[in-house]
Amino acid sequence: MNKCAEGIYIVGRYGNPLCATWLFENNGECAIVEMPPFFKRKGRPIEIIKETIHKKGLKGPKYILSSHAHIDHTYSIFHYKKAFPGAKLIGHSSFLNDYFIKSFFYMYWTKNKRIYGQDIANKMGLFDEVFTTDLYQLILGKEPLYLIYAPKHSYEDIMIVFKGAMITGDWAIGPYPDCNDIVSSHDKIQSIDKLIYILREKNYKVHMLFSAHGDNLIYNVDFEAVMKETRDFCARINNTHHDYQW
Ligand SMILES: [Zn+2]
């Protein structure tokens, strides 16, 4: 368990590539972010979370969240749901697109049906709560926890904002290319503009940017300046490939 900021911890980093499981905590309530694959022998994120909850005297996790639907962030979804039945698994409607349903949930639902039986598999089904809006507000111990739908790395990207930090999923931040070519430059730019707009409207100051994988923790950020730099880079790429956009 690694403290990154007040109320924000990395439980550990798991899978290949390594992705963090995060624990958010405020006023006795907590939430889990990201469910990478893990081996029981190594690290035991669920046990670490349970021990921490016990030690700190917290209530069981209120929410289980994920920055996007890719398997290195969601593989252990059923393990977490089973370990924390009182927690609400929350996803965006984009998580239920064809790609995700066909490739991930169907496969894991089938696997769980085999392991746990149909009844439990049904209950473990999909999300407890699905939002369709760009902005979704949760509350953790009286502190707002914002989920903002903002595709850049994938069309299921959710920025998770808590206590002045933004978990930026697998976004490339700054003048760097994203690691894939899934989202069009136009949509990336729209997402960046949306983040700036929403946070301005809320008068909310993000000053930390944490990659979901937990390998890039940026403190004391001028959020709008970094976002503008990121946006400019996307716009340049857009110009280069303008003729080939569909
Ligand atoms: Zn990832």
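Atoms within a ligand are numbered from 1 in the order they appear, just like the ligands themselves. What you see is a predicted model, and the numbers here were worked out from it, not measured in a lab.
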| query | Out of curiosity, Phe131 CZ to Ser94 OG, how far, rounded to the nearest 0.5 Å? | reply | 7.5 Å
| task | Determine, for Phe84 and Lys50, whether the Lys NZ or Arg CZ falls below 6.0 Å from the six-membered ring centre while staying within 45 degrees of the axis. | result |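 Judged by the rule (NZ or CZ under 6.0 Å from the ring centre, within 45° of its axis), Lys50 counts as positioned above Phe84.
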| field | At the Zn ion (ligand 1): angle between Asp72 atom OD2 and His73 atom NE2, to 10 degrees | value |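 Value, to the nearest 10 degrees: 100°.
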| request: Decide, counting backbone as well as side-chain atoms, whether His153 has an N, O or S atom less than 2.8 Å from the Zn ion (ligand 1). | output: no
| Heteroatom N/O/S of His68 within less than 2.8 Å of the Zn ion (ligand 1) |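 So His68 does not bind the Zn ion (ligand 1) by this criterion.
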| When the ring planes of Trp22 and Phe210 are compared, do they come out parallel, tilted or perpendicular, using 30° and 60° as the limits? | parallel
| field | Mutual orientation of the aromatic rings belonging to His73 and His213 [parallel < 30°, tilted 30-60°, perpendicular > 60°] | value | perpendicular
| query | Which N/O/S atom belongs to Asp170 and is the closest one to the Zn ion (ligand 1)? | reply | OD2
